[in-house]
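What follows is a short report on a single structure.
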Number of protein chains: 2
Amino acid sequence: MPLAHSGPILAAPDLDSVVRAVRARGLRVTAARRAVIETLFVAAGPVSVEEIASGLGGARSTVDDASVYGNLETLEELGLVRHVHLGHGPGKWTLADRARREYLHCERCGASRAVEPSLLAPSREAIRAATGYEARFTHFPIVGLCPQCAREGREGEPG
Amino acid sequence: MPLAHSGPILAAPDLDSVVRAVRARGLRVTAARRAVIETLFVAAGPVSVEEIASGLGGARSTVDDASVYGNLETLEELGLVRHVHLGHGPGKWTLADRARREYLHCERCGASRAVEPSLLAPSREAIRAATGYEARFTHFPIVGLCPQCAREGREGEPG
DNA sequence: GTGTCTGCAAAACATTTGCAAATGC
DNA sequence: GCATTTGCAAATGTTTTGCAGACAC
């Protein structure tokens, strides 16, 4: 079942399948590891290390920051989770198959909104054709000016 | 010679014109401020705070980190300098009119390369038409897989 | 039983803040 | 002369590292 960039398929694996994948790679399923995965699983969107460590989403126990960092790194290496940046500052974490949305971020007022994926398709194709790179626009937001700030910028400028 | 989407044209000014702009805004031209600007001016590309503070590029004196941060923030607010991120980690700083290149960054091996601006034009237009945002792809790199890592990814995957 | 993982404490970085002294205008 | 700006020192916030004990398998 292909999860990758192309497919519209939304595989949304259950928690057990993630846990199984962890075990399949030879990693141990500890309470801390399970709590991290559960938090990512129940979260509405990408979450911070802080949120994961404090057991947001009702994880039974709390997990030490250092262990959260370690686990996220390990799980990211396995391709099970990803981190994304929604603006400046520390990243947020999510299950790998959920990191599919591209965002616009206004550099002046900080406003943020998701982008209709089809808008990026032409450039993604052009980049692939010209450079061979498979571009994902999901990791960092696309920075620019929102309509209002763009307007103000054009008026306000002295000359 | 069109440099950008719209905005006030600010073309490769000499050092003095930047200094004049600073004074014109009512800011004082101190030794530290001048050193920061000079470093940005002579640098081959975007530079780190560390590099600026240590007087890379032959600035006569060294400038305290805190002062560099303060100056960069002030100058960015005036629109004279910008910071960009070329990968993960702390940003790098450059004169505003020089922050025009878009980069591809491989999330697996870290390879980086500039993008031919025309490749992004279609999506920039589509985004403007659909959302009103003026997208700049220069602030964060576009993350993805370089040709080689993309190939390995496709082969290596277990299933 | 053994090697992995955890929590805790401390270190390493990047950045911000507070403030008295220095200095551009 | 006076407000702005500086350097220094300390605080903050995030992430990494070291390590003895706990625990999954």
Side-chain angles (χ1 to χ4, degrees), chain A residues 16 18-40 46-56 59-78 80-93 140, chain B residues 15-16 18-39 46-56 59-78 80-93 140:
Chain A
D16 277 344
V18 178
V19 169
R20 243 179 286 124
V22 167
R23 224 185 302 264
R25 309 281 192 139
L27 295 184
R28 297 181 176 175
V29 179
T30 64
R33 189 112 76 200
R34 186 183 289 272
V36 169
I37 296 171
E38 273 178 28
T39 300
L40 295 178
V47 287
S48 67
V49 166
E50 169 64 15
E51 290 168 318
I52 298 170
S54 66
L56 152 149
R60 293 143 192 74
S61 61
T62 224
V63 182
D64 188 81
D65 279 8
S67 300
V68 173
Y69 279 108
N71 271 308
L72 291 172
E73 186 182 332
T74 301
L75 295 170
E76 188 165 50
E77 276 162 12
L78 297 191
L80 295 174
V81 313
R82 278 185 187 285
H83 77 277
V84 296
H85 297 264
L86 303 178
H88 278 95
K92 302 211 164 195
W93 299 78
F140 287 119
Chain B
L15 206 162
D16 277 345
V18 178
V19 168
R20 244 179 286 123
V22 167
R23 223 185 302 263
R25 308 282 192 139
L27 295 183
R28 295 178 179 179
V29 179
T30 63
R33 189 111 77 201
R34 187 183 288 271
V36 169
I37 295 170
E38 272 178 27
T39 300
V47 286
S48 66
V49 166
E50 169 63 14
E51 289 168 320
I52 298 170
S54 66
L56 153 149
R60 294 142 192 74
S61 61
T62 225
V63 183
D64 188 80
D65 279 8
S67 300
V68 174
Y69 279 108
N71 270 309
L72 291 173
E73 186 183 333
T74 302
L75 295 171
E76 188 166 49
E77 277 162 14
L78 297 191
L80 295 174
V81 312
R82 279 186 187 283
H83 77 279
V84 297
H85 298 264
L86 303 178
H88 278 95
K92 302 210 164 196
W93 299 78
F140 287 119

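Proteins come first, then strands; the chains are lettered A, B, ... in the order of their sequence lines, and each starts at number 1.
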Practice task
Give B/T62 one of three labels, base, sugar-phosphate or nothing, depending on what nucleic acid heavy atoms sit under 4.0 Å from its own.
Solution key: sugar-phosphate

Starting from [atom2] on [N], measure out to [atom1] on [X] and report it in whole angstrom.
{"X": "A/L75", "N": "C/dC5", "atom1": "CG", "atom2": "C1'", "value": "13 Å"}
{"X": "A/L27", "N": "D/dA24", "atom1": "CG", "atom2": "P", "value": "15 Å"}
{"X": "A/R23", "N": "D/dC25", "atom1": "CZ", "atom2": "P", "value": "5 Å"}
{"X": "A/E77", "N": "C/dC5", "atom1": "CD", "atom2": "P", "value": "12 Å"}
{"X": "B/E73", "N": "C/dT15", "atom1": "CD", "atom2": "P", "value": "12 Å"}
{"X": "A/R20", "N": "D/dC25", "atom1": "CZ", "atom2": "C1'", "value": "18 Å"}
{"X": "B/E50", "N": "C/dA12", "atom1": "CD", "atom2": "P", "value": "16 Å"}
{"X": "B/R28", "N": "C/dG24", "atom1": "CZ", "atom2": "P", "value": "9 Å"}

Indicate whether OP1 or OP2 belonging to [N] is found under 4.0 Å from a side-chain N or O atom of [X].
{"X": "B/Y69", "N": "C/dT15", "result": "yes"}
{"X": "B/T30", "N": "C/dG24", "result": "no"}
{"X": "A/R33", "N": "C/dC5", "result": "yes"}

Exercise for the section: Ignoring the backbone of B/P90, work out which of C/dT15, D/dT6, D/dT16 is nearest its side chain. Expected result: C/dT15

Exercise for the section: Just compare C/dG7, D/dT17, D/dA24 and give me whichever is closest to any side-chain atom of A/A66. Expected result: D/dT17

Problem - B/H88 and A/H85 aromatic ring geometry - parallel, tilted or perpendicular at 30°/60° bounds - result: tilted

Handout entry: Heavy-atom closest pair, residues B/A53 and B/D65
Key = CB-OD1, 3.2 Å

Fill in the blank from the handout: When every non-hydrogen atom of A/T39 is compared with those of A/I52, the smallest separation belongs to CG2-CA, 4.1 Å

Exercise for the section: Keeping the roles fixed (side chain from B/R33, backbone from B/R28), state whether a donor-acceptor pair exists under 3.5 Å. Expected result: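 Such a contact is found between B/R33 side chain and B/R28 backbone.
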
Exercise for the section: On DNA chain D, check which nucleotide each of A/D65 and B/S61 is closest to and give me the residue with the more 5' one. Expected result: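 Here B/S61 is the residue nearer the 5' end.
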
Handout entry: Validation row: B/I37, B/N71 side chains within 4.5 angstrom (heavy atoms)
Key =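 The answer is no; the side chains never approach within 4.5 Å.
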
